[in-house]
Structures are given as structure tokens and as C-alpha cells.
There are 2 protein chains.
Amino acid sequence: MTGKTRDNTIYIGKKPTMSYVLAVITQFADNEEIVIRARGRSISLAVDVAEVVRNRFVKDAKSTVIIGTDQVTGNDKRTLNVSTITINMKK
Amino acid sequence: MTGKTRDNTIYIGKKPTMSYVLAVITQFADNEEIVIRARGRSISLAVDVAEVVRNRFVKDAKSTVIIGTDQVTGNDKRTLNVSTITINMKK
């Protein structure tokens, strides 16, 4: 992978589940494979998004999941560990 | 796998992260492989537990992650879908 941003990646934040589901379905129109990424408390939502897509919209999609840890520097310069999830979905 | 409960499984609920980290480390003393399971909002905590174990205590552990959906019947007899995560960790 080069340094360029992969535009088939959906980052999960604090919007409602269905906003991200729609984003994933839109990406799937142009790509065989999409990537859902989240950190911290948004990890549960990332799994919800992947499962809603697979159960309701792209029924033959296969998910591969990788978990990891990112180091984040807060406002007070302390380093915090935050868990991450990367869900690869393939049609 | 037979119908019997696997006692190397840790179910993640609402306790503090380190309670589950301790439970995982204890299970790893007797088993080469342990399983962390969670549903819904506890999924983020399950990933935190697996990552704390791997980063601080069992550094050579490998995680394999599977996501899915369980159907739950609420008090009002309606069926709800809830996302699940299963993290297999192997020393």
C-alpha cells in the first residue's frame, strides 16, 4: 500500500449506524472490497455497521477482522493506548 | 466441539477492564488457547481486554476475530439483532 489514502475506507465516528451503512453500500457499488475502521468506543458501532450490511444488503459479503492498538497523544502530552478495529469486507 | 461449555471462554460484561484481563491471564495459565466473547456495547471492551493482554502480559499471543449477529427476544417479545464478537487468542 502506498501513502495515498484509500478511498474505499469508511471511518466510524459518532453518526447514526445507518449513515455508515449507506456509506459502505455506496463504496461497494464501485469496489469489490471495502474497509471499515474504528477506534475506542466506536468499535461496537463498526461491528454493527458491518453486520447490518451483511445481513440486509450485501448478503454474500465476507468479513475479515483485525484488532490492534494505536498510541494517541492527548492535550496534556500524555500517551494513551486506544484499541482499533479494521474490518475488511469483500463481495 | 461438543455441547459442553468451554471453560476457557471469558464473557465480557460491565466489570472494569482489568477484571477481565486477570480472568484471561488466569485461563492462559492452564490453556494454550482462550476465547473472549461479547455482545453489543461490550464489544469495544472485549477488544480492549484482548489488546491489554497482548501488549502487556502475553506478548506472543495471536488473535483471530470473528463477528456475527445474535437474535435476542426482549421483554416485549420483539426480536432484536445484536452484534457479537468472538476473539480467539493463542499463546
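In what follows, every chain begins at residue 1, and chains take the letters A, B, ... in the order their sequences are listed.
In plain terms, the two heavy atoms of B/L45 and A/R41 that are nearest each other are N-NH1, 3.9 Å. Closest heavy-atom contact between B/I43 and A/I43: CG2-CG2, 4.0 Å. Closest heavy-atom contact between A/G40 and B/S44: O-OG, 3.4 Å.
Neither the backbone nor the side chain of A/A38 comes within less than 4.5 Å of any heavy atom in chain B. Looking at A/D48, the atoms closer than 4.5 Å to chain B (heavy atoms on both sides) sit in the backbone and in the side chain alike. For A/R54, the part lying under 4.5 angstrom from a heavy atom of chain B is the side chain only. Within the 4.5 angstrom heavy-atom criterion, no atom of A/T64 approaches chain B. Contacts of A/S63 with chain B are made by side-chain atoms alone, with heavy-atom separations under 4.5 Å and no backbone atom involved.
Within a 6.0 Å sphere centred on NZ of B/K15, other residues, nucleotides and ligands contribute 12 heavy atoms or fewer. No more than 12 heavy atoms of other residues, nucleotides or ligands shown are found within 6.0 angstrom of NZ on A/K90. No more than 12 heavy-atom neighbours from other residues, nucleotides or ligands sit within 6.0 angstrom of CG on B/N75.
With hydrophobic clusters built from ILVMFWY side chains whose heavy atoms lie under 4.5 angstrom apart, B/V82 does not share a cluster with A/V47. Cluster annotation: A/I25 is connected to A/Y20 through the hydrophobic network of ILVMFWY side chains, with a link wherever side-chain heavy atoms come within less than 4.5 Å. Under the 4.5 Å side-chain contact rule for hydrophobic residues, B/L22 and B/V24 do not share a cluster. Under the 4.5 Å side-chain contact rule for hydrophobic residues, A/L80 and B/M18 do not share a cluster. Both B/V49 and B/F57 belong to a single network of hydrophobic side chains, linked directly or stepwise wherever heavy atoms of I, L, V, M, F, W or Y lie under 4.5 Å apart.
Remark: B/I67 CD1 to A/I87 CD1 distance equals 4.0 Å, nearest 0.5 Å. Taken from CD1 in B/I85 to CD1 in A/I85, the straight-line distance is 4.5 Å, to the nearest 0.5 Å.
Looking at A/E51, its side chain never comes within 3.5 Å of a backbone N or O of B/S83 through a donor-acceptor pair.
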